[in-house]
Structures are given as C-alpha cells and as structure tokens.
Amino acid sequence: MEILFILFAAIAVAGALNVILQRNPIYSAIGLIVTLCALAGLFLTLAAQFIAAIQIIVYAGAIMVLFVFVIMLLNIREEESKIDRQRYLKWLAAPLFVALLAEVYFVIRVVSYDPKPLPAQGAVPPGQILGTVESIGNAMFTTYLLPFEATSVLILMAIVGSMLLARRERTVSEVTIVTAEQIEAAQLEREDEAHETETVGAGH
Amino acid sequence: MPTGITSNELWLIAPELIITLFACLALVVDIVAGRGRGRWTALFCLTGIGFALISTGILYSEHHGSERAAFYRMVAVDDYAIFFKFLFLIAAALTILISVRYLDVERHQSGEFYALIMFAVLGMMFMASGTDLLSLYVSLELMAIAVYVLVGYLRNDRKSNEAAIKYFLLGAFSSGIMLYGISLFYGAAASTNLSDISAAVVELTAEGQPMRYLLLIALVLMAAGMCFKIAAVPFHMWAPDAYEGAPTPVTAFMSVAVKAASFAMFTRIFLDGFGAMRYLPGGLPGWALILGIAAAVTITWGNIAATTQKNVKRLLAYSSIGHAGYLLLGLVAGNRTGYTGILIYLLVYTFMNLGAWTVIIALRREGIAGDEVEDLNGLVHKAPALAVFMLVFLLALAGIPPTAGFIGKYYIFLALIEAGSVESNPWMYALAVLAVLMTAVAIYYYYTIVKAMFLTDSDAKIAVEPTRVQWSVAAAAFVLTIGMGVLPQFFINRSVEAARRFQVYPQRPQAAPTPARSTAPQTGQLRQRDNGTNEN
C-alpha cells in the first residue's frame, strides 16, 4: 500500500510541477490531467472508489475538456510555436503505443471473466462500507446535509454572479453597434452630399 | 446519533432560511419588475432582512444563554452567533439603503446587486454559527464569491474590474492555503468538528508528540488564510485596491460586514478549535505569539500607510487594516475582556464606519467621483449636517470619548493590560503601548479629512444633495455612534453575553500555575497544560 501511495504521490507531484513548468498551456493542461488521475489512484488506495471514479469522470474528463477548449479558443500562437522544440515526444509515442497494445492484450488474455464472490455482506453493515455510493449518499444527506445544501446555494449564486459579470449590457452594446453603423452610413451620406454639391456646383 | 433532522432544527436556522428564500425570490422579482427597476428588488430584500431580524429576535428570546447544536453539530445557535446575525443583518440593510441612489448615479441599477448582498449575508450568518470546519469553509466561500462579484459590479469601470480580479485571485489563493490547513487538522484530529479538534489538539500538541510540528504548520496555514480575509499585514495587499475599485457601498459592506464575519469565524475557530494551541509547550510558538506579531505589524503598517493617502477610499482602507490589527489584539490577549472587546469593537466599528462611508457616498454625483480628500473641501458650508456627522464618525474611528469608538478601544487595551498582569507577560504591555501610539497616528490622518471639511474653502460651487435615505442612514449611524459612547451598558451586556461561551485558555508556560478557574472543561485544559510543563 505504501509503495502505491509513494508511486501515485510522486506522479501527482510530477504532474503538478509539469503544470507550472511547461510553457505550452496544452502541455500544462495535460500535466493537470496526470495529476488528477494520480489523485484518483490515491483515492482508490483510501478505499474511496466512488470518489476516484468521479475524479476521473468529472475532473480529468469534463472539466479538463473545458480547459483545453478554452486554451484552444484563446489560440495562443507564441506558445504554440514552441511545440516543435519537443521533437523527442514523437519517439516516445511509438513505445507508448506498443505498451498500450501489450496492455490491452494482457487484459484480454489474462483477466478472467468469472466475477469473484464479494466479501460476505454480513461482516460489515452496509452503511459502514467506505467509499460506496450508499455510504457517501448517506453521509451527504445526514451528517453533511447543511454544507451540502449551502454548496447548492453557493453554486446558484455563482451562476447569478457570472451571468451578471458576463452578460452583454444591452444599452451600451446597442449604442456601440449603432454608432459603428452610423459612422459608415454617415460617411456614405457625406460622400453622397459631397458628390451632390459637386454636381450642383458644376451645374451652376 | 439522531436518526434525522427535526423541524426544531429547521426552526433554529429560520433566519438563514428566510434570507435564502428572499434572495432567490429577489431574482424573480427583478425579472418581474423589469429592467432598471432595481429599487423594487431593494425594497423586497429589505423586507426579507426585516423578517430575518424578527426571527433572530425570537430565537434570541427563546434560546438566550443556551447553546443548541443543529444539523449534526454543523451549526450552533448561541448568543455569539445571534449577536453576529443581528450585526450582519443590520449592516446589510444599511448597505442596501445607501446603494439604491449610488447605483442610479452609476447607471447600473439592477436587482442582482441586492440578491448578491443577501447571498453574502447568508454566508456570513453561517460563518458566525458554524461549528465545523466544513460548514465554516463552505459559508466563507458563499460570502466571498458573492463579494468578488459585487466588487467587479461596475463592469465598464476598469478600476472595478482590476479590483475584482485582484480580490478574486488573492482570495482564492488564501482559501487554498486555509484548506490546506484544514486538511492537516482533519488528518491529525480525524474530524472537522471544532470541539473534536480541540479535544484532539490537547493531546497531540503535548511534548514529545510527533504530530505537534504538523499541527503547528496547520495552525500557521489557518492563521495565514484568516489573516488574508481580515486584511491583516502581511496579507493586506489586496485591500486598498479592492476597496478603492469596488462600488463605494460595496466597499462599505466589505469593510464592515465582511470583516465582522471573518472575525466571527476567526475567533470561533481559534478559540473553540485551537484554544489549546495558544501557547505550545517545548519552545514552539503558539498562536498568541503568531497573531501578536501579525497584530503589531498590522497596526503599525495600516496606520502609517494611511497617512500618505490622498484618496478617501484608500485612506479608509488602510485605516480598516489598522482596525483589523486592534481587533486581533483582543484575540491575542486571550481573556474574557479581550473576547468581549472584539465583539463590542466590531459592533461600534460597524456603525461608525458605515456612517463615514455613507457620507462619502452622499458626495457622489454624476461625473464626479467624490472620493479624493480634496472633494471634501468646504463640506461644512455645503452640507453642515453631513460635515458634523463625518467629524463624529472620524473621532469615533480614532477612538476619542465620548464616541462609541472609545469603548471598543478601551476594552481591547484593558484586555491587554489584564493579560499582561495575569500572565506576567511584558509583551502584552508593549502591544498596548504600541496600539495607543498608533491611535495618535490615526488621529493625524483622520484630521486631514477634518481639515479639508472645515478649514479649507472649496472653489467648486457644486451643491451636495444627499437623498433623504442617505441622510437618515448617516443620522442613524450618528445617533448610534454617540449613543453607544454615552450609554454603552446595553451593548456591553450583549457583548459580554455573547463572549461568555469562550473559555479562557492556558496561560504562558513561565507563569506560575494559576488556580483552577470557574468552569469544568477549563480546569481540565489547565491540568493538561500543567502536566506538560511539569515534564520539562
């Protein structure tokens, strides 16, 4: 168990260092994913399998996708040009691919399909098995009900707040759009007028 | 363990439930009322605060003098929590009152502003009553996120944006530091409940325990996180910028209610949870030393930096940093007088500071910021009543009798001197002397405002027209500032009641073992401490 802890902890720390040391934000994001996966491993060693799964699905999955999306949308060119420097990565890709294949092969060949019997249910009362969805749900809706509900209010308030800050201000934006159009229209008009006066002047 | 949550427990958090309900409905009212009709939402929120005040009053009369834990010891209803709930609700109501006109002037009238204030108050109320690090942390964030948004409320104002970003980044950073401290305490004590932690800490910090260094680090992290929230030096950098950039009513709200809430949480955690770590055996510094140094630096830096400010908002920001230092001293003193001092100080500070901010807001007109010291020039000719109010608020902030500010400072200094004589600790006297000296510095910079108002003529002939509401808020704050100074007994009694729940924690190791004091748990703590010293 301790070896596992040291292994996962080391990966987590290395990933975290990677987040702040990489110059390319995409690599930083990947470093963060590594950290989050290692944390999920740590949760597993603490018999918190549900939280480990949630960690992977929500953080390493959903939230990191958003991160990467935002980084891509921001389109930081200067940093991207540095990708070329890390050419050695593509030499790492082939062995990793082989390792992945080997892993898949190993899983298919070795892991048996017979589910092992679960530990006798009578030994531990179901409420006290750690890390299951039941025990977490139980704790969340009894002992931690108040912080749980407070968090829900917090999230509602955060949504309201971010809407307030991000919402386009109707009055101001309308004014700016209109002025932009007006400038163009005014210019056209002015040109027309100039033209007209010219022609009128020529007529005289 | 009880099997469920009874309706009685819901009744105990009735004021919070009312605030939640009205805050959520305020968002609906805002939509129904339509754009730019924010004052209807303001009125609605004020009604909600009124109901919450009534229910808090009922709770006070029902549970006066007792302590009721609710929701699996996540919150407790006691005199301390109720004292602070009154304070937050009144501060929020006054803030809403002075905001309406300000937002009209800024052309940013919208109902969400008031809803966010209500959400912030909800967080504050749980911060005052939380007895578990988890519920305290969630409520702290509830308050903090609402205030981050409020600081950045003026979206088209660069200063407001900058202030919000600074406050948000540093706030998030400090929350991280504090969470790290919380996780270490949880790891050591195997519980987030303050009473469990306080029981575990006594054993774990004894000499020869390997865990004591870990707990010391956790304590330092918690102290750093809390010092960020109360803007104590060296974690004060965000305060002047955030105070200057925020819309002025929000600045008032931050310097009064947010500060009071952070102190409510700070005091509760450090006394109920980490009380035994006030002095640590075996040459390790306890929180009395850590916070003592922080308080000394905060008072000195806050007051000296304030002397150089030209902007009233920044000046009051630095002065509020200084006040945070005085409040910390009440905690450092570590006796009942000190605990009472924190409460009475926060109470009087609320009114005198809100009053001063109200005067600043009343000066705000379209196109004129009104927050430089020069903008106050000749105020006595333009609006004599406001100038006199401001004078009294400034005298109170400086702590001059017969204003209320004197009572607060008196209790803090008295607590330090008592602590100095009981613990035969000369450093407590030194802190008291420093605090008094810095009050003299404070009088200097408050005087620059007074000078501008009364002795300098203004060239600008712009009339100052406070609205009736602003005028009434300033007048109410004025009456309370004078009233609490002249007839303080009612407020002192309430503060003493509220502070009664905290024990007096172990004294300095060098001091002769004090005879056992009044209450039972306290003697247990003292005995533990004595054992620790005998082993030396």
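Heavy atoms only: backbone and side chains are in, while hydrogens, waters and symmetry mates are out. Letters A, B, ... mirror the listed sequences (proteins, then strands); counts begin at 1.
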So which part of B:L150 gets closer than 4.5 Å to some heavy atom of chain A, the side chain, the backbone, both or neither?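 Neither part.
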
Is it the side chain or the backbone of B:L116 that comes within 4.5 Å of chain A heavy atoms, both, or neither?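 Contact with chain A involves the side chain of B:L116 alone.
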
Inter-residue atom distance [X].[atom1] - [Y].[atom2], 0.5 Å rounding:
{"X": "A:Y144", "Y": "B:T192", "atom1": "OH", "atom2": "OG1", "answer": "4.5 Å"}
{"X": "B:C24", "Y": "A:M157", "atom1": "SG", "atom2": "CE", "answer": "11.0 Å"}
{"X": "B:R73", "Y": "A:T143", "atom1": "CZ", "atom2": "OG1", "answer": "10.0 Å"}
{"X": "A:T151", "Y": "B:Y137", "atom1": "OG1", "atom2": "OH", "answer": "10.0 Å"}
{"X": "B:M74", "Y": "A:L145", "atom1": "CE", "atom2": "CG", "answer": "9.5 Å"}
{"X": "B:D132", "Y": "A:L146", "atom1": "CG", "atom2": "CG", "answer": "9.5 Å"}

Side chain, backbone, both or neither: which part of A:V160 has a heavy atom under 4.5 Å from chain B?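 It is the side chain, since no backbone atom gets that close.
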
Should we say atom CZ of B:F168 is surrounded by more than 12 heavy atoms from elsewhere, each under 6.0 Å from it?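 No, the 6.0 Å shell around CZ holds no more than 12 heavy atoms from other groups.
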
Begin with the C-alpha distance, continue with both residues' side-chain angles, and end with the deciding distance and a verdict on side-chain contact (heavy atoms from CB on, under 4.5 Å) for A:L165 and B:Y153. CA-CA 7 Å; A:L165 289 182; B:Y153 181 76; 5.8 Å; no

Is there side-chain contact between A:L164 and B:F113, with heavy atoms separated by less than 4.5 Å?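 Not in contact.
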
Looking only at heavy atoms and a cut-off of under 4.5 Å, which of B:S110, B:A120, B:A146, B:A164 has the most pairs with chain A?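 The candidate making the most pairs under 4.5 Å is B:A146.
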
Quick check: closest heavy atoms across A:L154 and B:E141, and the distance to 0.1 Å?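 Minimum heavy-atom separation between A:L154 and B:E141: CD1-CB, 3.6 Å.
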
